[in-house]
Chemist: 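What follows is a structure written as structure tokens; I'll ask about it next.
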Amino acid sequence: MRIEDLAKKNGQTAQIQGWVANKRESKGLVFLNLRDGSGIVQCIVSADNIDEKLFQEIASLGLESSLEIAGKVVQDERQIGGYEIHVDEAKIIQNVSEYPIANKEHGAEFLMDKRHLWLRSRRQWAIMRVRNTIIFSIHNFFQKEGFVQMDAPILTANACEGTTDLFTVDYFENEAYLSQSGQLYGEAMAMALGKIYTFGPTFRSEKSKTRRHLAEFWMIEPEMIFCDIFQNMDVIEKFIQHVVAEVLAKNEKELNVLDRDLEPLRSVEKSFTRLSYDQAVQILKGQEKVNGQSTLDLIQKELQELKEEKEKLEMDNEERQHIITKGGIKKGKLAFLQSTIDKQKQRIKQIEEDQRNLPQWLESAKNFAYGNDFGGSDETVLTKMFDVPVMVYDWPHEIKAFYMKRNPDNPKFARGVDLLAPEGYGEIVGGGERETDVEWLKEKIIEHKLPMEEFEWYLDLRRYGTVPHSGFGLGLERLVSWICKLHHVREAIPFPRMYGRIEP
RNA sequence: GCCUCAUUAGCUCAGUUGGUUAGAGCGACGGACUGUUAAUCCGCAGGUCCCUGGUUCGAGUCCAGGAUGGGGCGCCA
């Protein structure tokens, strides 16, 4: 049976199949932390209960050895799942020695090289379970709202928006590309089915080395007919609230493993901040305050806090080092001090990086030139001003994609919308209302220097029964990252594909 | 493509103004211990100091170039 169902067998005999997640020994006793993918349970093997030879074998098991055990399920408050098993029978499938991932801190590169094994660890287990809830609740939401799930092609002939770098593949001796967005196809499908959403992989060959970029990621792209930018924003808000609520309801245990502060997630149920581009620029440049605070105040406060934290960490470490050098302390205490120092040093490195970045970000925000697109740092600065997600709409049309609809009251602006996640996670949704007029679209295609003949089918959507419509794209891994508060999107997908890495 | 930081044992890291035989903790391995939660205690093994060249009586340490990785910018979800 599965470890997560052990409560049903309290006081009875249960059989578990799994791997050794951790082991402790004592004379005549072995404590095995067994994991089976559904949970972890401590199993106690006593020399009194089992024959001598088997006991010795169990005592010699290495981490990630696989085995089957059977024994009595006993309630015990101290245990992770609330139960432990007193083992009567055991069958070893494989005794493993020298499992590469130790029960301690490791660096990112090492763990990425061991990604196929790293997935077994508790933290990764929790992330993947939250990812699963998110995927499921995305389908739930759209199905409940009457959307039809349809897939856009992955192989495409043209570069769509023409801006980003795409992966090329050989397509029967011709060049084709891996799709960077299914949106144009989504529009065609919406004209047929009314409300649709795509859910599939997306590819970008940009050489980005940041914590929020992947070369291959999963994107959800809904498209809705008779929907304007404001109704679009209503859907985005309702949709994100639904997903977050589902995770809060189903993954308390997992969020706990991740040590996730739940307050920022709970505040998502409040309505999101909506800013026009003009308002957002004012705030960004420090010309408008939010809750009595300007971006300048915010960054300076943060820099001051970082400085104080760093000084404190350095003093603490010096003290710890002093205790170690003085000697005469127990080995366990020593190990603890040493590992604390290691951990604090990593944090100090992070602080130093932030200290290098923040002033640049402030500079960039202060000198932001009206009319430009927001940079990653600008988004971060802006979202730090609010405790709920922020939607920015009505962007200068020059910086947005060719298919964006103009604001009829002020054609300077295109009706795009970006959703910026709180806590510095930046853009997780990008979308908008689509242009409906075939002549406007043609003009834009020429302006963007795109091959007109490749867009003839797309223009047909406006020639034959054009209607107002809107949609958006959500980056799954970015959403997972924010909800789990991950340091990097690479932890949000089982096998990340990113610049400089295609293995394992 | 640009900027920045790093690379020392299986892992995480020390290594002083350049100076004899390069260290610690964890892990692994061997042993002790009958209720442990990263158990504890004793013992043992483990090194191409990223690569190439230079400066020097002498380089893990200084200089130049390169490789790889972290982070940021651009671009985006």
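Just so we're on the same page: letters track the sequence lines, and every chain starts at 1. Atoms considered below: every heavy atom in the structure, side chains included; atoms not considered: hydrogens, waters and symmetry mates.
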Chemist: How many whole angstroms separate atom CZ of Phe203(A) from atom C1' of C75(B)?
Modeler: 18 Å

Chemist: Please say which of Leu420(A), Leu479(A), Leu419(A) ends up in a side-chain contact (heavy atoms from CB on, under 4.5 Å) with Val429(A).
Modeler: Leu419(A)

Chemist: Can you measure Ile40(A) atom CD1 to A38(B) atom P for me and round it to whole angstrom units?
Modeler: 11 Å

Chemist: Using the side-chain heavy atoms of Glu206(A), tell me which of these nucleotides is nearest: A38(B), U36(B), C75(B).
Modeler: C75(B)

Chemist: Give the rounded distance in Å between these two atoms: NE2 of His106(A) and P of C11(B).
Modeler: 9 Å

Chemist: Between A39(B) and Asn22(A), is there an OP1 or OP2 to side-chain N/O distance shorter than 4.0 Å?
Modeler: yes

Chemist: Measure from CD on Glu216(A) to P on C76(B) and round the result to the nearest Å.
Modeler: 21 Å

Chemist: If a pair means Watson-Crick or G-U wobble with both distances below 3.5 Å, what does RNA chain B look like in dot-bracket form, with | marking bases paired to a different strand?
Modeler: (((((((..((((.....[...))))..((((.......))))......(((((..]....))))))))))))....

Chemist: Applying side-chain contact (heavy atoms from CB on, under 4.5 Å) between Tyr425(A) and each of Arg212(A), Lys485(A), Glu379(A), Arg211(A), report the one that passes.
Modeler: Lys485(A)

Chemist: At a cut-off of 3.5 Å, list every protein nitrogen or oxygen paired with a nitrogen or oxygen from nucleotides 7-10 of chain B, distance to 0.1 Å.
Modeler:
none

Chemist: Distance check, P atoms only: U16(B) and U7(B), in whole angstrom units.
Modeler: 12 Å

Chemist: Would you kindly compare Lys209(A) and Leu476(A) by the position of their nearest RNA chain B nucleotide and give the one closer to the 5′ end?
Modeler: Lys209(A)

Chemist: Contact class for Glu221(A) (heavy atom, under 4.0 Å): base, sugar-phosphate, or nothing?
Modeler: nothing

Chemist: Does any donor-acceptor pair link the side chain of His213(A) with the base of C76(B) at a separation under 3.5 Å?
Modeler: yes

Chemist: Within less than 4.0 Å of OP1 or OP2 of A77(B), is there a side-chain N or O belonging to Arg478(A)?
Modeler: no

Chemist: Whole angstrom is fine here: how far is it from CZ in Arg204(A) over to C1' in A77(B)?
Modeler: 6 Å

Chemist: Looking only at side-chain atoms of Thr210(A), point me to the closest of G71(B), G74(B), C76(B).
Modeler: G74(B)

Chemist: Are Leu184(A) and Tyr403(A) packed together at the side-chain level, in the sense that at least one heavy-atom pair is separated by less than 4.5 angstrom?
Modeler: yes

Chemist: Rounded to the nearest angstrom, tell me the gap between atom CG in Leu117(A) and atom P in G27(B).
Modeler: 19 Å

Chemist: How about His469(A) and Glu187(A): does a side-chain donor come under 3.5 Å of a side-chain acceptor?
Modeler: yes

Chemist: Under the side-chain hydrogen bond (donor to acceptor under 3.5 Å, both in side chains) definition, can you give me all pairs with a residue in residues 23-34 of chain A, not counting sequence neighbours?
Modeler: Arg24(A)-Asn33(A), Arg24(A)-Gln42(A)

Chemist: Tell me which one of Ile428(A), Ile134(A), Val489(A) satisfies side-chain contact (heavy atoms from CB on, under 4.5 Å) with Leu476(A).
Modeler: Ile134(A)

Chemist: Can you tell which of A77(B), C73(B), U36(B) lies closest to the side chain of Phe217(A)?
Modeler: A77(B)

Chemist: Give the nucleotide from the list C76(B), G71(B), A28(B) with an atom nearest to the side chain of Glu98(A).
Modeler: A28(B)

Chemist: What does nucleotides 30-35 of chain B look like as a protein-contact string, B for base, S for sugar-phosphate only, - for none, at under 4.0 angstrom between heavy atoms?
Modeler: ---BBB

Chemist: By nearest heavy atom, map Leu63(A) and Leu214(A) onto RNA chain B; which one lands nearer the 5' end?
Modeler: Leu63(A)

Chemist: Is Asn256(A) reaching over with its side chain to a backbone N or O of Asp259(A), donor-acceptor style, under 3.5 angstrom?
Modeler: no

Chemist: I'd like to check the side-chain contact (heavy atoms from CB on, under 4.5 Å) partners of Lys400(A); sequence neighbours left out, ordered by chain and number.
Modeler: Trp395(A), Met404(A), Ala414(A), Asp418(A)

Chemist: Heavy atoms only, 4.0 Å cut-off, all strands: where does Val489(A) land among base, sugar-phosphate and nothing?
Modeler: nothing

Chemist: Applying a 4.0 Å non-hydrogen cut-off, can you work out what Arg212(A) is touching in the nucleic acid: base, sugar-phosphate, or nothing?
Modeler: base

Chemist: Give Trp361(A) one of three labels, base, sugar-phosphate or nothing, depending on what nucleic acid heavy atoms sit under 4.0 Å from its own.
Modeler: sugar-phosphate

Chemist: Residues from residues 363-378 of chain A sitting under 4.0 Å of RNA chain B, heavy atoms only?
Modeler: Asp373(A), Gly375(A), Gly376(A), Ser377(A)

Chemist: Do Lys444(A) and His397(A) come within less than 4.5 Å of each other through their side chains, counting heavy atoms only?
Modeler: yes

Chemist: Identify whether any heavy atom of Arg490(A) sits under 4.0 Å from a base atom; if not, whether one sits that close to sugar-phosphate; answer base, sugar-phosphate or nothing.
Modeler: sugar-phosphate

Chemist: Does Lys207(A) make a side-chain N or O approach to OP1 or OP2 of G1(B) shorter than 4.0 Å?
Modeler: yes

Chemist: Between C63(B) and G18(B), how far is it from one C1' atom to the other, in whole Å?
Modeler: 13 Å

Chemist: Round to a whole Å and report the spacing from CZ of Arg211(A) to P of C5(B).
Modeler: 17 Å

Chemist: Say whether, by atom type as modelled, one donor and one acceptor occur between the side chain of Ser65(A) and the main chain of Val20(A) under 3.5 angstrom.
Modeler: no

